[in-house]
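Inspection log for the structure reproduced underneath, given as structure tokens.
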There are 2 protein chains.
Amino acid sequence: MPKKVDHDARRRELTDAVCQLTLRGGLETATFRQVATEAGVSVNQVQYYFGSKQGLLAATQEHVGERSIERLMTWIEATDGSGRAVLGAFLKSFAPIDEDSRMAMLMYVALYTEGVVAAMGDPSANETRKTEAQMMHDTVLEQLNRGPLIDGIDAEAEATLLTALAPGLGLYILDGTMSAEAAFETIDHHLDRLFVV
Amino acid sequence: MPKKVDHDARRRELTDAVCQLTLRGGLETATFRQVATEAGVSVNQVQYYFGSKQGLLAATQEHVGERSIERLMTWIEATDGSGRAVLGAFLKSFAPIDEDSRMAMLMYVALYTEGVVAAMGDPSANETRKTEAQMMHDTVLEQLNRGPLIDGIDAEAEATLLTALAPGLGLYILDGTMSAEAAFETIDHHLDRLFVV
DNA sequence: TTGGTAGTCATACAGGTGTACTATAACAGC
DNA sequence: GCTGTTATAGTACACCTGTATGACTACCAA
């Protein structure tokens, strides 16, 4: 048997380079040559581990998603476990407040357009996104249903609102239009209206 | 004096071609040659009217913004003029429900990343965006203050929430995750909570 | 009619792109 | 130590990018 390397680790180094470059100069600067230079390897190594540019970007998207989930977990672990606290943590985990989360959001937006465009030509290409959105909605709804909710609150409708609110606020934080504190206040203020204190 | 052409009209034809191409294959397919072909003119004409690629994209962004404002006006004119109705129209005008508004939102997202990246290197480059966000917030707040609001409603906090909610919902409509009807219901449902009926 | 400028086109150029290909180095098993 | 597979590097290729340049056309003022 020949030389053995940790493929996952190598791949992650390279997708990290993609993120770093995107953060500095946008997705269009993440070329094979730039990625290779950033990671300190040859151009061919990028080909070798991903096959094509599309493969590289797909893997990057995947890795960013995984790290976002990890980040969410730490947010949740820091709570008291109540429905309201877990929900708050979930929503706030979307906020781009440090380099990691900024990068995640930026990458998501950068890859968003081509995803939408691709979905127009081939609707089945959008199934992953739909599934994720459904999961997000369900998660929010689940925590809402743990209550206790104020009388007359429509959990389903609130879940839809919160599911859209969180990324909306995230974008404003990302572009420097809103402070993270203001966004968190907005979330808390609205949760105050839903949960019995 | 030599031949005279309507520069604004020519420029708009070309930026329209950029939008059309972006809608079909993403912003990266909107090259000088593709734009020229789409508009049925020579490559040089694009140079002649915009000078550089950056000039073309900047003009495109501007034209899309202008058309969004026009679209908003038609939404508002269709209302009874009450604070609640105008606010609802304002928020719903962000929804990408036809080809025009879909294109506007897609272009906005496509140009968003480089805007954010540019703002990192040069914070002053973000002033326009900040001004627009402030104007949006003020507009929402103004209509809220026309009331009549239910007792205890914090208009300032609600303005921030609605300002983030509208584009958040818009993104879900754009990527096919949510129907426009569901988004409108979400907006109306929340406005019901703010305004006295 | 004529001159001069605005507009238009075709083409050239230097540089960058993703990818294919070939050759070499490193290592695990025999 | 040898062997065969994996990993890595270097390079070449065809194509596309934005931009610069020079020639040609259409028009209006004189």
Side-chain angles (χ1 to χ4, degrees), chain A residues 1-22 24-63 107 110-111 113-115 117-118, chain B residues 1-22 24-63 107 110-111 113-115 117-118:
Chain A
M1 284 292 155
K3 180 161 74 167
K4 207 68 200 266
V5 306
D6 186 340
H7 272 231
D8 286 345
R10 266 274 186 284
R11 285 167 61 93
R12 204 163 295 261
E13 284 172 24
L14 294 171
T15 56
D16 280 352
V18 173
C19 293
Q20 216 66 39
L21 287 166
T22 304
R24 280 209 299 273
L27 189 59
E28 69 274 8
T29 67
T31 68
F32 268 32
R33 283 162 182 80
Q34 292 281 336
V35 169
T37 303
E38 175 80 15
V41 298
S42 72
V43 177
N44 189 303
Q45 192 164 133
V46 188
Q47 291 183 258
Y48 183 75
Y49 282 100
F50 298 98
S52 68
K53 181 88 184 267
Q54 186 177 320
L56 173 63
L57 292 182
T60 304
Q61 193 165 23
E62 198 174 337
H63 288 170
M107 290 301 305
L111 293 165
T113 314
E114 36 193 313
V117 170
Chain B
M1 284 293 159
K3 181 161 69 168
K4 207 68 200 256
V5 306
D6 187 339
H7 272 231
D8 286 345
R10 266 273 186 285
R11 286 167 60 93
R12 205 163 294 263
E13 284 172 23
L14 294 171
T15 57
D16 279 353
V18 172
C19 293
Q20 216 66 39
L21 287 166
T22 304
R24 280 210 299 272
L27 189 58
E28 69 274 8
T29 66
T31 68
F32 269 30
R33 282 162 183 79
Q34 293 281 336
V35 169
T37 303
E38 176 79 16
V41 297
S42 72
V43 177
N44 188 299
Q45 191 165 134
V46 189
Q47 291 183 257
Y48 183 77
Y49 283 100
F50 298 99
S52 67
K53 181 88 186 267
Q54 186 177 320
L56 173 63
L57 292 183
T60 304
Q61 192 165 23
E62 198 174 337
H63 288 170
M107 289 302 304
L111 293 165
T113 314
E114 36 192 315
V117 170

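Residue numbers begin at 1 in each chain, while the letters A, B, ... track the order of the sequences. As the structure is a computational prediction, the values presented were derived from the model and not from experiment. These values consider heavy atoms only, across backbone and side chains, with no hydrogens, waters or symmetry-generated copies.
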Presence of donor-acceptor pair under 3.5 Å, side chain of [X] and base of [N]:
| X | N | value |
| --- | --- | --- |
| A:Arg33 | C:dG18 | yes |
| B:Asn44 | D:dT19 | no |
| A:Gln45 | D:dA9 | no |

In whole angstroms, how far is the [atom2] atom of [N] from the [atom1] atom of [X]?
| X | N | atom1 | atom2 | result |
| --- | --- | --- | --- | --- |
| B:Leu14 | C:dG7 | CG | C1' | 13 Å |
| B:Phe32 | C:dA10 | CZ | C1' | 16 Å |
| A:Glu28 | C:dG18 | CD | P | 12 Å |
| A:Lys53 | C:dT19 | NZ | C1' | 12 Å |
| A:Leu56 | C:dT17 | CG | P | 13 Å |
| B:Leu57 | D:dT17 | CG | C1' | 13 Å |

Would you say B:Arg11's side chain and B:Tyr49's backbone share a donor-acceptor pair under 3.5 angstrom?
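Indeed, once roles are kept as given, a pair shorter than 3.5 Å links the two residues.
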Can you see if the side chain of [X] gets near the phosphate of [N] - specifically, an N or O under 4.0 Å from OP1 or OP2?
| X | N | value |
| --- | --- | --- |
| A:Tyr48 | D:dA7 | yes |
| B:Tyr49 | C:dT8 | yes |
| B:His7 | C:dG7 | yes |
| B:Ser42 | C:dA10 | no |
| B:Arg10 | C:dT8 | yes |

What are the two closest non-hydrogen atoms of B:Glu28 and B:Thr31, and how far apart are they?
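Closest approach of B:Glu28 to B:Thr31: O-CG2, 3.8 Å.
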B:Gly25 and A:Val117 have their tightest heavy-atom pair at CA-CG1, 3.6 Å
Please classify the nucleic acid contact of A:Phe50 as base, sugar-phosphate, or nothing, using heavy-atom distances under 4.0 Å.
nothing
Hey, what do you get for CE (A:Met107) to CG (A:Leu27), rounding to the nearest 0.5 Å?
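Rounded to the nearest 0.5 Å, the CE-CG separation comes out at 5.5 Å.
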The side chain of A:Thr31 is closest to which nucleotide in this list: C:dC9, C:dG18, D:dA20?
C:dG18
Of all the choices, C:dT8, D:dT19, C:dC9, which nucleotide is nearest to the side chain of B:Val43 once you look at every atom?
D:dT19
How about A:Gln47 and A:Leu56: do any of their side-chain heavy atoms sit closer than 4.5 Å?
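No; the side chains remain at least 4.5 Å from each other.
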